[in-house]
Novice: 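Structure below; questions to follow.
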Amino acid sequence: MYARKGYELIKDLANGEKGQLQLFNEDLFNQVVDQCTQHYLELQALIRKMQEESVDVRETRNADHYGALIHHLSLIRNKRCLMAYVHNRAEIIQSFAWKVGLELLELPVEVQEKLSPSEKNYFGKHSAALQSYMAEVGIDLNVDMVPPKDPYIKVRVLDDMGEGILLSDKTANLARHSMHFLKRTDAEQYIARGLMEELTG
């Protein structure tokens with residue numbers, strides 16, 4: 001069936017949990033690209049045939065015309081499916097910069113494994129653009145996604161991070177299960193990465 005692979009690619013995307021990234025389906029993605037190439041070649045061949053027969057390509061309605069139309073529409077559909085797949089994944093990848101951090105190494109290993117090489121490159125460039133903008137305006141947009149009531153919060157360390165961790169106003173020994181009273185701006189990056197939890201109440 002024409003454009004069937006594009007449909008399968010979108011179905012693969014839709015089967016995932018919303019906002020969660022699945023492994024990049026490189027095999028199916030490449031099959032859709034190959035199918036686009038095949039449709040393009042078939043379309044060109046039919047148009048050439050009509051031109052060689054001195055048939056008016058715009059006015060004539062014969063088997064070649066409808067064959068070319070089917071290949072053209074299938075090519076457009078597959079391209080739209082490819083763009084939707086890439087765009088949706090790019091939106092999720094962009095959200096990681098806000099939720100987890102601006103460095104690729106800050107992403108959990110299971111997330112990094114799901115990214116294609118071009119997506120890793122995209123995340124790096126997106127993060128670099130954000131960092132450049134934040135440095136220019138002098139504001140860290142990656143903290144305080146919700147306006148804080150208090151600039152300090154109480155946290156518990158969930159994983160041993162070692163001694164002498166440099167924070168904005170001091171160094172700290174962030175041993176596992178230890179509790180600290182830290183600036184929200186210092187703690188949020190660790191909370192986002194699952195290394196700390198905020199204690200409320």
Side-chain angles (χ1 to χ4, degrees), residues 9-29 83-201:
L9 190 66
I10 294 302
K11 195 173 176 185
D12 180 65
L13 182 70
N15 285 339
E17 200 175 318
K18 189 173 181 180
Q20 298 296 315
L21 209 57
Q22 291 183 288
L23 184 66
F24 184 82
N25 197 334
E26 191 168 359
D27 181 49
L28 188 54
F29 189 88
M83 289 170 67
Y85 186 77
V86 170
H87 176 75
N88 277 278
R89 287 182 64 87
E91 283 191 325
I92 295 169
I93 291 165
Q94 285 177 18
S95 73
F96 290 147
W98 300 106
K99 292 176 185 172
V100 181
L102 294 171
E103 298 296 330
L104 185 63
L105 295 175
E106 290 178 347
L107 293 178
V109 176
E110 60 270 16
V111 171
Q112 291 185 46
E113 289 171 350
K114 294 175 182 176
L115 300 176
S116 70
S118 60
E119 287 174 330
K120 288 179 181 177
N121 185 41
Y122 173 73
F123 179 79
K125 288 186 175 179
H126 176 70
S127 297
L130 281 175
Q131 286 172 327
S132 173
Y133 175 75
M134 289 189 289
E136 193 173 314
V137 297
I139 299 173
D140 188 353
L141 300 172
N142 220 20
V143 294
D144 294 337
M145 300 305 278
V146 177
K149 293 178 182 174
D150 190 332
Y152 287 88
I153 58 173
K154 191 174 184 181
V155 295
R156 178 187 296 127
V157 180
L158 300 175
D159 199 7
D160 191 20
M161 291 187 275
E163 297 178 18
I165 303 293
L166 186 62
L167 303 171
S168 61
D169 58 350
K170 61 183 176 182
T171 58
N173 177 13
L174 301 178
R176 189 174 183 182
H177 299 305
S178 61
M179 288 187 266
H180 303 271
F181 201 58
L182 302 177
K183 278 188 176 178
R184 182 177 297 274
T185 52
D186 289 333
E188 273 199 344
Q189 59 175 313
Y190 298 113
I191 292 169
R193 287 160 52 194
L195 299 172
M196 287 181 182
E197 66 178 352
E198 183 177 356
L199 299 174
T200 55

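Keep in mind the model is a prediction, meaning the values are calculated, not measured.
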Novice: Among pairs that include at least one residue of residues 123-138, which meet salt bridge (charged side-chain N to carboxylate O under 4.0 Å, His left out), considering only residues two or more places apart or in two chains?
Specialist: none
Novice: Between Glu198 and Arg184, is there a side-chain heavy-atom distance shorter than 4.5 Å?
Specialist: yes
Novice: Return the minimal non-hydrogen interatomic distance between Leu158 and Gly194, and the atom names on each side.
Specialist: CD1-O, 3.7 Å
Novice: Do you know the tightest heavy-atom contact between Val157 and Leu174?
Specialist: CG1-O, 3.7 Å
Novice: Check whether Ser95 reaches the backbone of Ile92 with its side chain - one donor and one acceptor, N or O, closer than 3.5 Å.
Specialist: yes
Novice: What's the separation between atom CD1 in Ile153 and atom CD in Glu197, rounded to the nearest 0.5 Å?
Specialist: 11.0 Å
Novice: Quick check for you: to the nearest 0.5 Å, what is the distance between Ser116 atom OG and Phe29 atom CZ?
Specialist: 8.0 Å
Novice: Could you tell me the separation between the NZ atom of Lys120 and the CD1 atom of Ile93, rounded to the nearest 0.5 Å?
Specialist: 11.0 Å
Novice: Test your reading of the model: is there a side-chain donor-acceptor pair from Tyr85 to the backbone of Asn25, 3.5 Å cut-off?
Specialist: yes
Novice: With sequence neighbours excluded, what pairs up with Asn15 under the side-chain contact (heavy atoms from CB on, under 4.5 Å) test?
Specialist: Lys11
Novice: Please check this pair: side chain of Arg89 against backbone of Gln22, looking for a donor-acceptor N/O pair closer than 3.5 Å.
Specialist: yes
Novice: To the nearest 0.5 Å, tell me how far Phe96 CZ sits from Gln112 CD.
Specialist: 10.5 Å
Novice: What residues form a side-chain hydrogen bond (donor to acceptor under 3.5 Å, both in side chains) with Ser178, not counting sequence neighbours?
Specialist: His180
Novice: May I ask you to decide if Ala84's main-chain N or O and Asn88's side chain share a donor-acceptor pair within less than 3.5 Å?
Specialist: yes
Novice: For a 4.5 angstrom cut-off between non-hydrogen side-chain atoms, does Leu199 reach Met179?
Specialist: yes
Novice: Check the orientation of Tyr152 and Phe181. Use parallel for under 30°, tilted for 30 to 60°, and perpendicular for over 60°.
Specialist: parallel
Novice: Kindly check if the number of other-residue, nucleotide or ligand heavy atoms within 6.0 Å of NZ (Lys154) is above 12?
Specialist: no
Novice: Do Val155 and Tyr190 have side chains that approach each other closer than 4.5 Å (heavy atoms only, starting at C-beta)?
Specialist: no
Novice: Rounded to the nearest 0.5 Å, what's the gap from NE2 on His177 to CG on Asp159? Could you check?
Specialist: 9.0 Å
Novice: Rounded to the nearest 0.5 Å, what separation is found between the CG atom of Asn173 and the CG atom of Asp160?
Specialist: 7.5 Å
